[in-house]
Every structure is written in C-alpha cells, then in structure tokens.
Asks: 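Dropping a structure here in structure tokens format, bear with me for questions.
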Amino acid sequence: ADIHPDSQETGDSLLQLGALIFRGSETAADAAEKERIIEEAMQVWDEFATVSPDHPKASDIAFVVAENEYRKAEEVARQAVDAKTKQQKEEIKERARDLYRQAIPKYERMLNTFGDTPKGIRALYKLGWIYYSLEDQPQAAAEVFNKYSILESNPEYSEDRLQAKF
C-alpha cells in the first residue's frame with residue numbers, strides 16, 4: 001500500500017488479504033487468538049478503506065471496521081452488569097467508554113467519506129448511540145439521531161428511525 005497507494009490493485013490486494021486473515025479467525029484455537037486475528041484483519045481493511053475510498057466495496061468494509069470497534073465496546077459494557085462492586089462497575093463502564101471513543105473516528109470516516117451511501121447513513125445511528133453511551137454528549141447524540149431520522153429511508157430500519165426521533 002505504501003509503494004503503490006493509488007493503484008487499483010493495491011485496494012484489491014488489501015481487500016483480499018483482509019478477507020484471508022479474517023477467515024483464519026474461524027479456525028482459531030481460542031477466543032483470544034480469534035480476537036487477535038480479527039484485529040489483524042481489521043487493520044488491513046482499515047488501510048484498504050483509507051487508500052481505496054472509491055472502491056465499490058470500500059463503504060461496506062469501512063463499516064465492518066467501525067462495527068468491530070463498536071462490538072468491542074459493547075462487549076465490555078455488558079460486563080458491567082455482572083460487576084460485584086460499584087467501583088468495579090464504574091471501572092468497566094469507563095473501559096467501555098474508552099472503547100466507544102476509539103470507535104468515533106471510524107464512524108466519522110463513514111460520514112465524511114461514505115456519508116451518501118446506505119452504510120454512511122447507518123453510521124449516523126451507531127454514532128448517536130456512542131454519543132448517548134458516553135453520557136457527556138447528549139446534544140451530539142440528539143443532533144446525530146435527528147439527522148439519521150431524516151436521512152434513513154430503508155424500511156428495514158424503520159423502528160431504528162422512529163427510536164432515533166425520540
């Protein structure tokens with residue numbers, strides 16, 4: 001990617017490499033190994049979305065990368081339910097908030113680069129939930145949810161659209 005960043009073949013190669021790495025996660029020996037392999041695939045796909053934003057699959061792959069960051073935050077956030085003490089719960093919630101913050105640039109890239117695609121519009125919904133989960137950005141959450149409710153036209157997401165309005 002560094003040698004020929006403008007070549008169509010660079011994008012295609014990164015896309016395929018990411019897919020090969022990701023498929024390797026299916027046969028990982030344990031959860032930690034699976035997560036390591038997935039993270040490696042996401043790094044390659046992140047590079048793909050950066051160097052080949054005009055590729056037909058770029059918005060889908062960039063969304064997968066963003067969703068992976070969201071997934072990691074959600075997994076940690078769910079652990080707070082099982083915390084034994086209030087302090088443990090707050091520590092877990094803070095770790096989840098840090099992970100949500102790490103996801104923000106991935107969703108912002110979706111808006112800035114792929115905002116007119118279905119995945120770009122869907123990124124608004126996820127970004128709204130991130131801002132809502134951070135608890136210190138209610139205005140940003142409201143603005144993003146409002147924009148999403150205006151732009152989303154896919155009937156599959158009609159409940160999400162309605163939820164975003166309120």
Side-chain angles (χ1 to χ4, degrees), residues 1-22 25 35-77 93-166:
D2 294 336
I3 297 172
H4 298 288
D6 296 330
S7 171
Q8 174 71 32
E9 288 81 17
T10 299
D12 291 337
S13 296
L14 288 169
L15 177 62
Q16 293 305 317
L17 178 59
L20 284 170
I21 294 168
F22 188 82
S25 72
E35 191 61 35
R36 186 195 65 74
I37 294 169
I38 289 172
E39 193 60 36
E40 187 177 336
M42 294 301 136
Q43 289 173 359
V44 172
W45 278 342
D46 191 44
E47 180 72 11
F48 161 75
T50 299
V51 301
S52 298
D54 295 327
H55 192 284
K57 296 201 180 266
S59 67
D60 291 333
I61 295 299
F63 192 73
V64 167
V65 171
E67 288 287 88
N68 186 62
E69 295 297 314
Y70 190 89
R71 174 193 61 84
K72 291 187 293 188
E74 285 285 289
E75 287 175 359
V76 171
K93 286 172 67 176
E94 188 55 40
R95 277 197 343 244
R97 284 190 286 268
D98 286 344
L99 290 169
Y100 282 126
R101 285 183 195 99
Q102 290 176 31
I104 290 172
K106 303 302 182 190
Y107 285 105
E108 287 177 341
R109 171 177 59 191
M110 289 300 304
L111 301 180
N112 296 332
T113 307
F114 309 108
D116 59 343
T117 68
K119 295 288 194 222
I121 293 169
R122 187 69 182 158
L124 284 165
Y125 182 71
K126 291 302 190 83
L127 191 58
W129 279 113
I130 289 171
Y131 289 146
Y132 179 83
S133 297
L134 291 176
E135 299 174 351
D136 63 349
Q137 300 192 41
Q139 184 63 35
E143 289 171 9
V144 171
F145 278 139
N146 185 51
K147 187 172 182 181
Y148 173 76
S149 70
I150 293 167
L151 295 175
E152 183 59 77
S153 61
N154 185 336
E156 179 182 348
Y157 299 125
S158 60
E159 284 187 35
D160 293 346
R161 187 171 170 242
L162 182 62
Q163 188 179 37
K165 285 183 177 184
F166 301 102

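Bear in mind that the values here come from a model prediction, so they are computed numbers and not experimental data.
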Asks: Does any non-hydrogen side-chain atom of L14 lie less than 4.5 Å from one of W45?
Replies: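 SC-SC contact between W45 and L14 ruled out.
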
Asks: How far does OG of S52 sit from CG of D12, to the nearest 0.5 angstrom?
Replies: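 Separation between the atoms: 7.5 Å.
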
Asks: Could you tell me which non-hydrogen atom of S59 sits nearest to which non-hydrogen atom of T117, and how far apart they are?
Replies: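 In this case the closest contact between S59 and T117 is CB-OG1, 3.9 Å.
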
Asks: Output all residues satisfying salt bridge (Lys or Arg N to Asp or Glu O under 4.0 Å) with K93, sequence neighbours left out; order by chain, then residue number.
Replies: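 Residues passing salt bridge (Lys or Arg N to Asp or Glu O under 4.0 Å) with K93: E90.
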
Asks: Can you tell if the side chain of T50 reaches within under 4.5 Å of the side chain of R109, non-hydrogen atoms only?
Replies: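 Contact flag for T50/R109 side chains = yes.
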
Asks: Holding to side chain to side chain contact (heavy atoms under 4.5 Å, CB included), I want the full list of residues that pass it with A123, two or more places apart in sequence or in another chain.
Replies: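 A123: side chain to side chain contact (heavy atoms under 4.5 Å, CB included) contacts with F63, Y107, M110, L111.
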
Asks: Are the side chains of I121 and N154 in touch, meaning some heavy atoms are under 4.5 Å apart?
Replies: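 When only atoms from C-beta onward are counted, N154 and I121 do not touch, as no gap falls below 4.5 Å.
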
Asks: For P53, check side chain to side chain contact (heavy atoms under 4.5 Å, CB included) against everything at least two apart and list the hits.
Replies: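 If we apply the side chain to side chain contact (heavy atoms under 4.5 Å, CB included) test to P53, skipping adjacent residues, the hits are T113, F114.
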
Asks: Considering non-hydrogen atoms only, spot the tightest contact between A41 and I21 and give its length.
Replies: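 Shortest heavy-atom separation between A41 and I21 comes out as N-CG2, 3.6 Å.
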
Asks: Minimum heavy-atom separation for K72 and L99, please, with both atom names.
Replies: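 Heavy atoms only, the tightest pair is O-CD1, 3.7 Å.
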
Asks: Got a sec, which residues hit side chain to side chain contact (heavy atoms under 4.5 Å, CB included) with D98, two or more places apart in sequence or on another chain?
Replies: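 Testing D98 for side chain to side chain contact (heavy atoms under 4.5 Å, CB included), a comparison that skips the adjacent residues, returns E94, R101.
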
Asks: Quick check for you: to the nearest 0.5 Å, what is the distance between K106 atom NZ and D46 atom CG?
Replies: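 Those atoms lie 3.5 Å apart.
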
Asks: Working to the nearest 0.5 angstrom, can you tell me the gap between I130 CD1 and L134 CG?
Replies: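 One gets 7.5 Å once the value is rounded to the nearest 0.5 Å.
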
Asks: Hey, could you give me each pair passing salt bridge (charged side-chain N to carboxylate O under 4.0 Å, His left out) that has a residue in residues 113-123? Not counting sequence neighbours.
Replies: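 Sorted result for residues 113-123: R122-D160.
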
Asks: According to salt bridge (charged side-chain N to carboxylate O under 4.0 Å, His left out), does anything in residues 51-67 pair up with another residue at least two apart or in another chain? List the pairs.
Replies: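 Every pair satisfying salt bridge (charged side-chain N to carboxylate O under 4.0 Å, His left out) with a residue in residues 51-67: E67-K126.
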
Asks: Enumerate the residue pairs fulfilling side chain to side chain donor-acceptor pair (under 3.5 Å) with a member in residues 130-142, sequence neighbours excluded, ordered by first and then second residue.
Replies: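 Counting only pairs at least two positions apart or across chains, the side chain to side chain donor-acceptor pair (under 3.5 Å) contacts touching residues 130-142 are Q139-E143.
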
Asks: According to salt bridge (Lys or Arg N to Asp or Glu O under 4.0 Å), who are the partners of K147, at least two apart in sequence or on a separate chain?
Replies: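 Salt bridge (Lys or Arg N to Asp or Glu O under 4.0 Å) check on K147 returns nothing, list empty.
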
Asks: For the residue pair A49 and A58, what are the closest heavy atoms and their distance?
Replies: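 In terms of heavy atoms, the two residues are closest at CB-O, 4.4 Å.
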
Asks: Can you list the residues that meet the side chain to side chain contact (heavy atoms under 4.5 Å, CB included) rule with E74, with sequence neighbours excluded?
Replies: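 For E74, the residues satisfying side chain to side chain contact (heavy atoms under 4.5 Å, CB included) (neighbours in sequence not counted) are Y70, R78, Y100.
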
Asks: Fit a plane to each ring of Y125 and Y148, take the angle between them on a 0 to 90° scale, and name the class: parallel (under 30°), tilted (30 to 60°) or perpendicular (over 60°).
Replies: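 Ring orientation, 0 to 90° scale: tilted.
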
Asks: So, using salt bridge (Lys or Arg N to Asp or Glu O under 4.0 Å) as the criterion, who are the partners of E152 when residues are at least two apart?
Replies: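 None.
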
Asks: Considering residues at least two apart in sequence or located in another chain, which fulfil the salt bridge (Lys or Arg N to Asp or Glu O under 4.0 Å) criterion with R71?
Replies: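 R71: salt bridge (Lys or Arg N to Asp or Glu O under 4.0 Å) contacts with E35, E75.
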
Asks: If we only count heavy atoms from C-beta on, is the N68 to E39 side-chain gap below 4.5 Å?
Replies: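 When only atoms from C-beta onward are counted, E39 and N68 do touch, with a gap below 4.5 Å.
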
Asks: Can you name the residues that form a side chain to side chain donor-acceptor pair (under 3.5 Å) with E108, not counting sequence neighbours?
Replies: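 With sequence neighbours excluded, E108 shows a side chain to side chain donor-acceptor pair (under 3.5 Å) to no residue whatsoever.
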
Asks: Which pair of non-hydrogen atoms, one from G128 and one from A141, has the smallest distance, and what is that distance?
Replies: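 Distance-wise, the nearest heavy atoms are O-CB, 3.7 Å.
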
Asks: Mind checking whether I37 and F22 have side chains closer than 4.5 Å, heavy atoms only?
Replies: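 No - every pair of side-chain heavy atoms lies 4.5 Å or more apart.
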
